[in-house]
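Working notes for the structure below.
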Amino acid sequence: MANDAAPSPDRRPADGGPFDAIVVGAGFSGLYQLHCLRDRLGLSVRVLEAGSGVGGTWYWNRYPGARCDSESHSYGYFFSRELLEEWEWTERYPEQPEILRYLNHVADRFDLKRDISFDTRVTAARRDAAANRWHVETSAGERLTATYLILAVGCLSSANVPKIPGLETFAGAWYHTGEWPHEGVDFTGKRVGQIGTGSTGIQAAPVIARSAAHLTVFQRTPNYSVPARNGPLGAEFKRWVRERHDEIRDVVRTTPNGHPFRIAERKAFDVTDEERRAIYEAAWEKGGLQFRASFRDLLVDKRANDTAAAFIKEKIRAIVKDKATAAVLAAIDHPYAAKRPPIDSGYFETFNRDNVTLVDIRARPIERIVPGGIVAGGREYPLDIIVFATGFDAMTGPLLRIAIEGSDGLTLKEAWRAGPRTYLGLQVAGFPNMFTLTGPGSPSVLCNLPVAIEQHVEWITDCIAWLRANGVDRIEPAAEAVESWVAHVNEAAAATLLPTVPHSWYLGANVPGKPRVFMPYAGGMARYRAICEDVAARGYAGFVLGGSDRAAARPARVGGFAAAAASGSVGV
Ligand code: NAP
């Protein structure tokens with residue numbers, strides 16, 4: 001899309017609308033969606049945001065050590081050359097406060113805040129088929145109306161606090177990393193218990209250990225991690241980035257996972273054992289998510305993956321001095337990167353500190369929380385603070401906590417009882433004119449998210465522009481298009497090692513009772529982009545256009561997506 005920031009026309013409906021579009025969420029996706037619809041298409045748009053400021057994930061996740069695992073020069077918007085030229089990141093991986101400053105800069109630069117209602121949580125959305133409108137309700141009882149409902153609620157915004165008996169009796173303080181107090185938490189002199197060793201826990205533990213009197217890490221599933229090798233960016237690298245915005249954009253838009261590096265062409269057994277080891281050593285030294293790009297078959301061939309897994313386990317055993325602790329950390333039971341691979345700044349080294357203890361709660365599960373701490377394996381660990389780094393009800397959670405009612409009273413909860421079903425991750429049958437950004441069935445969490453977000457937002461913007469230009473008042477996917485997309489999402493996942501991990505949040509396994517469905521699209525972002533472009537070019541193939549609600553029951557005017565529109569490797 002062109003980078004045309006046309007002045008917004010003064011089309012400002014009354015407080016409740018009717019608006020052309022309501023966007024829920026003012027994170028990376030909601031901000032850009034507002035800019036596109038308001039400033040490019042001239043639509044009236046209201047953004048509703050639960051937080052008191054912009055930022056989404058980066059507004060809420062203020063836990064110690066919170067930073068992005070994507071490299072800073074790829075973590076941002078590419079749509080505006082001016083924005084690219086005026087913003088300079090300071091570290092290889094930006095820290096949460098810097099990302100929040102960036103998003104505030106974007107919001108101010110494009111004058112977005114005037115169309116955002118902060119402190120406004122959306123509780124319900126109901127479709128009025130006759131009027132072809134969406135009615136939205138907020139926790140304060142406000143009611144707003146719009147033609148299009150765009151859910152930019154993020155994939156990881158619904159905190160998962162496990163129901164451990166006795167939590168309410170705990171005499172100390174407890175926090176979930178995704179809802180961290182804005183004033184921070186002082187760990188000085190405190191005995192801290194941290195539950196969870198995913199990407200978040202692995203970032204938080206080294207920082208907490210530096211100020212706490214004692215840190216006890218409760219580990220259920222051991223995890224791989226590769227050093228991030230974070231550090232300040234030098235003048236030379238900053239110049240290199242300044243001179244290569246176009247090149248970097250082209251790379252992130254054409255790789256399977258949206259990162260600023262290519263996945264190696266070679267396979268793990270194309271090289272000798274010595275060469276493979278040297279490649280892993282070099283990747284370990286370089287640090288970051290690029291480690292998984294060392295060979296192209298790591299995520300599809302278990303034998304290839306075993307070589308990376310063995311290398312990292314050996315590193316863990318070499319770093320951690322206490323043999324028993326090292327054994328518990330290295331007892332990893334899943335293929336490398338088949339769960340989201342963390343990167344760290346001194347995570348395994350943290351267990352060499354005198355004030356850090358690891359508790360293997362897989363062997364000795366947590367029984368209960370008592371006023372003085374956590375009881376696991378019959379032993380009480382005395383604590384002043386508990387940190388839940390226990391993740392999120394990912395992808396579907398943020399959507400399903402809004403009571404969404406589509407055509408004929410069909411609720412999203414009912415429609416997704418057996419798991420999420422979308423077309424392209426963008427729309428749900430029975431919910432006309434409702435779009436999901438980075439929704440289930442899209443590459444989303446398997447991709448560097450701003451890259452996925454720009455693609456979604458621009459596709460939705462072009463789609464709405466096309467509908468308006470062609471006098472089409474509603475769009476929803478045909479049932480058979482959803483059917484074949486869900487089959488394709490499953491097929492793409494099955495071609496990888498990802499669905500083989502039973503305890504993965506990609507499958508919803510971290511939330512008791514959640515349907516086990518592999519949620520993100522593992523066919524790769526570049527391939528997904530080509531499929532979406534092809535669908536649009538064929539007059540929105542697979543969608544039912546115009547007519548009345550419940551159109552999904554009718555076949556689409558033009559068939560569905562064509563997986564052959566593009567080929568590509570897995571997007572992980
Ligand atoms: P997560 O990956 O879901 O990890 C949660 C951890 O808590 C796991 O170790 C899990 O163990 C444990 N856990 C959950 N419920 C538990 C229970 N009832 N008892 C004991 N342990 C329990 O969550 P996360 O670390 O917050 O990361 C979520 C995602 O956010 C990441 O995968 C990533 O996509 C994103 N993230 C990104 C960044 C970044 O880019 N900077 C940073 C952090 C997070 P099991 O494995 O056994 O379930």
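When a ligand or atom number is given, it counts from 1 through the structure's own listing order.
Under 3.5 Å, the side chains of Y347 and Q203 contain no donor-acceptor pair of N or O atoms. Side-chain contact annotation: K514 with T396, donor-acceptor N/O pair under 3.5 Å present.
Closest heavy-atom approach to atom 9 (O) of ligand 1 among the candidates T177, T197, I164: T197. Summarising the contacts of atom 5 (C) of ligand 1 with S444, P222, A389, G196, the nearest heavy atom is found in A389. For the residues H503, R220, R340, the heavy atom positioned nearest atom 48 (O) of ligand 1 is part of R220.
Ligand 1 has an N or O atom lying under 3.5 Å from an N or O atom of K339, backbone or side chain. Considering backbone and side-chain N/O atoms, S199 comes within less than 3.5 Å of an N/O atom of ligand 1.
Residues H73 and H245 place their aromatic rings such that the two centres sit no closer than 6.0 Å.
Distances shorter than 4.0 angstrom do not occur between any heavy atom of Y75 and any atom of ligand 1. Every heavy atom of Q219 sits 4.0 Å or more from the atoms of ligand 1. For the ligand labelled ligand 1, residue V445 lies outside the 4.0 Å heavy-atom shell.
Closest protein heavy atom to atom 28 (C) of ligand 1: W505 NE1, 3.9 Å. Looking from atom 18 (N) of ligand 1 to the surrounding protein, the closest heavy atom is P162 CB, 3.2 Å.
Between F388 and W174, the angle of the ring planes goes over 60°, which puts this pair in the perpendicular group of the 30/60° scheme. Aromatic ring pairs are classed by plane angle as parallel below 30°, tilted from 30° to 60° and perpendicular above 60°; the pair Y75 and W58 is perpendicular. Using a 30° and 60° split on the angle between ring planes, F28 and Y102 fall in the tilted class, from 30° to 60°. The aromatic rings of H488 and Y521 are tilted relative to each other, their planes meeting at an angle between 30° and 60°.
No part of N223 comes within 4.0 Å of ligand 1, judged by heavy-atom distances. At a heavy-atom distance under 4.0 Å, no atom of F388 approaches ligand 1. Here F392 has side-chain heavy atoms under 4.0 Å from ligand 1, and that is the only part of it that gets that close.
Partner of T350 under the side chain to side chain contact (heavy atoms under 4.5 Å, CB included) criterion, out of V320, L358, V356: V356 alone.
Residue-environment remark: NZ (K238) exceeds the threshold of 12 foreign heavy atoms within 6.0 Å.
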